2 protein chains.
Amino acid sequence: MDMKPALRSPTITDVAEAAGVSPMTVSRVLNGRGGAGEETRRRVLEAAQALSYRPNAFAKSLKNDRSNTVGIVVPDIVNPFFPEIIRGAELVARPAGYTLLSCNVVEDPEREEEVLGMLLDKRVDGLIICSARLDDERLLRAIAPHRAVVLINRAAAKRHAGTIEVDYRAGVDAVVTQLIAQGRRRFGFAAGPAASQGGRKRREGIEAALARHGLSLVFDLPCTPDLQGGAEIAARLLPEIAQVDAMICYNDLIALGLMKPLEQAGIRVPEDIALVGCDDIPASDLVSPALTTLRIAKQDLGEMAMRMLLDRIAGRNTQQGIVIEPDPIWRATTPRLPG
Amino acid sequence: MDMKPALRSPTITDVAEAAGVSPMTVSRVLNGRGGAGEETRRRVLEAAQALSYRPNAFAKSLKNDRSNTVGIVVPDIVNPFFPEIIRGAELVARPAGYTLLSCNVVEDPEREEEVLGMLLDKRVDGLIICSARLDDERLLRAIAPHRAVVLINRAAAKRHAGTIEVDYRAGVDAVVTQLIAQGRRRFGFAAGPAASQGGRKRREGIEAALARHGLSLVFDLPCTPDLQGGAEIAARLLPEIAQVDAMICYNDLIALGLMKPLEQAGIRVPEDIALVGCDDIPASDLVSPALTTLRIAKQDLGEMAMRMLLDRIAGRNTQQGIVIEPDPIWRATTPRLPG
DNA sequence: TGGAGTTACGTTATCGTTATCTCAATCCTG
DNA sequence: CAGGATTGAGATAACGATAACGTAACTCCA
């Protein structure tokens, strides 16, 4: 026999009437501002409970110009790298009273710009952008009107945003150096999206290591940062496969996407080609041979970014930029030296 | 020499003053309501452009009691099953003018309840709940105040919500039947979260198929629906492994988590144990042996759910419930019959 | 006992938008 | 060219919550 819920949800005025006080008093009680008598307080709380009153977030936001919402923009939510970052960010945001609005850009700069505008409309109190794909000028313009911004893996505009960067350069350098020591000489690079700053960092790392040994890249091909990108690289690489004995991939997905086509073409990993990914997504440890990669503490990264963002929202721009080091994880696609 | 952006973002009144008209006229022009002269229209648009005016979503929502935001609640965003659903939902929501607020519950009913309340505060116009973990009563109470709800894989409360279900029962039945035909007799079930309705459906499918052959389950163990859950099942299973020659897993992650421990214990897949997962996440086709699984059109699922939700928001409750069939994908963990 | 200080509320105005009403100017149409 | 229809635009009043201010009643001590 329960009634249909009223079409209109109860407002503070409804509660006030039910409790026989003014809306202002209800507001005071519910926000613990004090200045309300014990008896009144009780009546208000009872009324609010009875009506299952929930303050209207819009009205509140309109009044104080704060949404208690923060955004996070990622290139592709289906890429396993990003959900972990989102989870980390959410883990910090929620206890701090913020709702996280996560937005998917599907690797499209236009979409990124659009999303940044949408977040502005929603008046988020701040936002995190992962691996921005916009060029510097458009990115700057898009973040300028925002109250607080943290960029992950994009060290542009330090004046207007905090930054957290993974030191891919050093990580990749170390891995390539080790591979050279293991006898690899002819390196290819599956470079990922051309617009990625992280991609350029990885390239610098490779080239630095190679240069120290008088070597240079044999292949350097852009591709989408997913399994299919790896498959496409494989297709283009196969005719001239003998030119390469080690592939460094922008991320694990690309590396994993490479493995099956190589195998089907009779090219052995790691005997013919050593393979290195980046990110250490869970799948990389499940395939055979297991994939050597650079591990990034993804959830930590998300947590750090959110903490930095909340600091900036609160006006405490304590740290402008953080650099975190990736960990090389040596697995079967890059065998140890014999002996 | 550009000025610092004003602390306060421009309002419709600012635009009105710049254009020398009333705010109402600006509103009309910007919303294409007509009733504005050509010359006026031009001036307003110019002024809005010049100030890079963006209407305040709060004020708008407060006025028309619509947020143009919909929520989607998932148990765990790190589980690769869900990002694809989210992407599908977003692909439909955005062109329709809706922002998608995706919320992560981390497999915790309390959190789920909390999130549903938060979405109520934010006055979402509707929401999709994936694999709700709340019991019927609490779920019903939590969704009652919402304007429109679609449940994925949870056929409770058809009166208050649209539902989309995967017919796991039939899918699992078909797979188990085939495995029996291939000679497997002793089945174990890694059942996933006890609160999952989908888990019960899978169990029904297994038991139906087994019953037709006078068989019954040897193992039926709950576990978390992730790699670690699989590893734990493996640990508990190992002492008595000989009792089982086929494992059906709640999802691919569990199955994949099982594989390495089994291998390390010298148990061969598929020779000693056939292995079946569910969902067909990308990793399942990358491991060796590749995992047999039930494929679910995850992105389609998300798209369908969002279309259904938008229908319900618009008051068109055309279809109450949809059932979609999973596709068995036969791979190496369940070898074909010899001959 | 009277004025200052305190407590417990209520009133008013405001955030930015827009539905509704109003009004003036312009347009036909017979 | 009178009178009704149409068009362009402004004024007003909400939406729900709350900051700022106002006020009545009470406390307290000289």
Side-chain angles (χ1 to χ4, degrees), chain A residues 6-45 47-48 51-69 97 120-125 145 147, chain B residues 6-45 47-48 51-69 97 120-125 145 147:
Chain A
L7 270 77
R8 204 179 56 87
S9 41
T11 74
I12 198 168
T13 309
D14 299 329
V15 177
E17 276 169 14
V21 296
S22 78
M24 197 57 233
T25 300
V26 177
S27 173
R28 272 188 283 249
V29 170
L30 263 37
N31 292 302
R33 286 268 183 291
E38 193 44 50
E39 158 67 8
T40 309
R41 196 181 121 77
R42 209 185 40 71
R43 282 216 319 280
V44 167
L45 289 175
L51 296 174
S52 47
Y53 166 72
R54 288 190 156 263
N56 184 319
F58 298 140
K60 211 175 251 190
S61 295
L62 182 58
K63 195 72 176 64
N64 27 264
D65 203 27
R66 306 190 76 251
S67 59
N68 288 306
T69 301
L120 195 59
D121 290 344
K122 296 268 182 220
R123 297 293 197 275
V124 292
D125 295 333
R147 312 259 243 285
Chain B
L7 269 78
R8 204 179 56 87
S9 40
T11 74
I12 200 169
T13 310
D14 298 329
V15 178
E17 277 170 15
V21 297
S22 78
M24 196 55 237
T25 301
V26 177
S27 173
R28 273 188 284 249
V29 170
L30 265 35
N31 292 302
R33 286 268 182 290
E38 194 44 50
E39 159 66 8
T40 311
R41 196 181 121 78
R42 212 185 38 72
R43 283 218 316 282
V44 167
L45 289 176
L51 296 173
S52 48
Y53 165 73
R54 288 189 157 262
N56 184 317
F58 299 141
K60 208 174 255 191
S61 296
L62 182 58
K63 194 70 177 62
N64 28 257
D65 203 26
R66 307 189 77 249
S67 58
N68 289 306
T69 301
L120 196 58
D121 290 342
K122 297 267 183 221
R123 297 293 197 275
V124 292
D125 295 334
R147 313 257 242 285

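Since we're looking at a predicted model, the values are computed, not measured. Quick note on labels: first sequence line is chain A, next is B, and so on, each numbered from 1. Any value given below was found using the heavy atoms of this structure, including those in side chains, with hydrogens, waters and symmetry copies removed.
D121(A) places its CG atom 10 Å from the P atom of dT17(C), with the value rounded to the nearest Å. Rounding to whole angstrom units, CG of residue N56(B) and P of dT18(C) are separated by 10 Å. Computed from coordinates, the F58(B) CZ to dG16(D) C1' distance equals 14 Å when rounded to whole Å. Atom-to-atom, CG of N31(B) to P of dT17(C) comes out at 10 Å; the value is rounded to the nearest Å. Taking atom CG of residue D65(A) and atom P of nucleotide dA19(D), one finds them 14 Å apart after rounding to whole Å. E17(A) places its CD atom 12 Å from the P atom of dG16(D), with the value rounded to the nearest Å. Between R43(A) atom CZ and dC9(C) atom P the separation is 8 Å, expressed in whole Å. Whole-Å rounding puts the R66(A) CZ to dT18(D) P distance at 14 Å.
Residue S27(B) has its side chain nearest to dT18(C) when only dC15(C), dT18(C), dT18(D) are considered. Comparing dT18(D), dA9(D), dT17(C) by their closest approach to the side chain of T25(B) singles out dA9(D). Residue K63(A) has its side chain nearest to dC15(C) when only dC15(C), dA9(D), dT17(C) are considered.
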Please report the C-alpha distance between V44(A) and R41(A) in whole Å, then the side-chain angles of each, then the deciding distance to 0.1 Å, and finally whether the side-chain contact (heavy atoms from CB on, under 4.5 Å) criterion is met.
CA-CA 5 Å; V44(A) 167; R41(A) 196 181 121 77; 5.9 Å; no

Between I12(A) and Y53(A), is the side-chain contact (heavy atoms from CB on, under 4.5 Å) condition met? List the steps.
CA-CA 8 Å; I12(A) 198 168; Y53(A) 166 72; 3.6 Å; yes

Could you walk me through whether R43(A) and E39(A) pass salt bridge (charged side-chain N to carboxylate O under 4.0 Å, His left out), step by step?
CA-CA 6 Å; R43(A) 282 216 319 280; E39(A) 158 67 8; 3.6 Å; yes

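Evaluation of atom-type donor-acceptor distances gives a pair under 3.5 Å for the side chain of R28(A) against the base of dG10(C).
Taking only side-chain nitrogens and oxygens, S61(B) never comes nearer than 4.0 Å to OP1 or OP2 of dC15(D). Using a 4.0 Å cut-off, no side-chain N or O of T13(A) falls inside it from OP1 or OP2 of dA17(D). Using a 4.0 Å cut-off, no side-chain N or O of N64(B) falls inside it from OP1 or OP2 of dA19(C). Within the 4.0 Å cut-off from OP1 or OP2 of dC9(C), at least one side-chain nitrogen or oxygen of T40(A) is found.
Between M24(A) and G20(B), the residue anchored closer to the 5' end of DNA chain D is G20(B), taking for each the nucleotide with the nearest heavy atom.
Side-chain contact of K60(A) with S67(A): a donor-acceptor pair under 3.5 Å is absent, judged by distance alone.
Using a 4.0 Å heavy-atom cutoff across all strands shown, S22(A) reaches at least one base atom of the nucleic acid. At a threshold of 4.0 angstrom between heavy atoms, the contacts of V21(A) are confined to the sugar-phosphate backbone, with no base atom among them.
V29(A) is not listed as a side-chain neighbour of V26(A), based on a closest heavy-atom distance of 4.5 Å or more.
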